[in-house]
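The structure appears right after this line, and notes come after that.
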Protein chains: 2
Amino acid sequence: MAGKKQDVALSDLQIAVMRVLWERGEPSTADVAEVLAAERGLKHTTVATLLTRLEKRGVVAMRRDGRQLYYRALVSEPDVRRSMVADLLSSLFGGDARALVSHLVDESEIAPGDLDRLRKRLKAAAGEDGT
Amino acid sequence: MAGKKQDVALSDLQIAVMRVLWERGEPSTADVAEVLAAERGLKHTTVATLLTRLEKRGVVAMRRDGRQLYYRALVSEPDVRRSMVADLLSSLFGGDARALVSHLVDESEIAPGDLDRLRKRLKAAAGEDGT
DNA sequence: CGTGTCGTACTACATGTGTAGTAGAAACGC
DNA sequence: GCGTTTCTACTACACATGTAGTACGACACG
């Protein structure tokens, strides 16, 4: 496997665009533009530019049907999460995920009950998986 | 206090520079350059440029002593962590920290025992229960 | 003193990003 | 058919970033 979807760092705006693709599957430029116009007041042409660039970068695929262009994500949201969380971990937490959770705890972004529930979920998953 | 250290998003490289300041307090350009040269093979002038730009952005302060310049961080590592984790949360996890922890669990970046320990630590620190 | 060395200031340049305008083609409404 | 609307393609431009070269002043060494 040639690490192709590795290192998919996207900007906030790019993620917003991707989100539309993730949610809708294969929207047209106009579809995406409509969402982004509502969400952020962007112009159609701006969105078109963003999509073109994402295609050039290889994170989305474009299909042409008549005059219209339809875009489809080539990287999944989990892919991007993996990549970007890994980046954050390595740059700011010495690669230690526990330090990140610890940070969330310190910043009161998660409650103790949440950790408990997640722990249980992990155990259940591990039990099924049997790894 | 006008949110000054809010929204401190730094690139990987910039964080590497900041790390030297965080560790050493108030190193000279040469000190930082030495570290970055070893770590990433960067040239002195490159590091000087990076520091100048960080100063212009207001995240570090510069002091001149003779010919030499000394830099000091104006944002702490926790500041940057807060800001960047918040960004990541909002862009990729719908602002839900639990989803991020969940992700870490799914990606096997943390073990159940870790969650347990962290939960205990939180309880000890806060001395209260969550939901 | 003269000369190399050191350090900073300034300039440079490619690439990515945010944002959009304009031009030209295609389809639509009458 | 012709004007109107709709789309895409191309161009533009400012700003950030990664990376470094060059120039010039200050210093130290012999």
[X] [atom1] to [N] [atom2]: how many Å, rounded?
X	N	atom1	atom2	answer
B/Asp65	C/dG7	CG	C1'	13 Å
A/Gln68	D/dT5	CD	C1'	13 Å
B/Glu55	D/dA16	CD	P	15 Å
A/Lys56	C/dT15	NZ	C1'	10 Å
A/Arg64	D/dA9	CZ	C1'	9 Å

Residues in side chain to side chain donor-acceptor pair (under 3.5 Å) with [X], at least two apart?
X	result
B/Ser91	none
A/Ser90	none
B/Arg19	B/Glu77
B/Arg63	B/Glu26

Practice problem: Using the side-chain hydrogen bond (donor to acceptor under 3.5 Å, both in side chains) rule, collect all pairs that involve residues 36-47 of chain B, keeping only residues at least two apart or in two chains. | Solution: B/Asp12-B/Arg40

Practice problem: Using the ring-ring contact (aromatic ring centres under 6.0 Å, His included) rule, collect all pairs that involve residues 79-116 of chain A, keeping only residues at least two apart or in two chains. | Solution: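 Of all non-adjacent pairs touching residues 79-116 of chain A, those that pass ring-ring contact (aromatic ring centres under 6.0 Å, His included) are A/Phe93-A/His103.
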
Quiz item: Which residues within residues 23-37 of chain A lie with some heavy atom under 4.0 Å of an atom in DNA chain C?
Solution: none

Quiz prompt | Annotated protein contacts, base or backbone, on nucleotides 16-30 of chain C with a non-hydrogen cut-off under 4.0 Å, one of B, S, - each | solution = -BBBBBB--BBS---

Sequence neighbours left out, cut at 3.5 Å: what donor-acceptor pairs do the side chains of residues 108-118 of chain B make with other protein atoms?
unit_1, atom_1, unit_2, atom_2, d
B/Asp114, OD1, B/Arg117, NH2, 2.9
B/Asp114, OD2, B/Ala111, N, 3.0
B/Asp116, OD1, A/Arg119, NE, 2.5
B/Asp116, OD1, B/Arg119, NH2, 3.4

Exercise. Give a yes or no on whether a salt bridge exists between A/Arg121 and B/Asp106, defined as a side-chain N under 4.0 angstrom from a carboxylate O.
Key: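 Answer for the salt bridge query: yes.
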
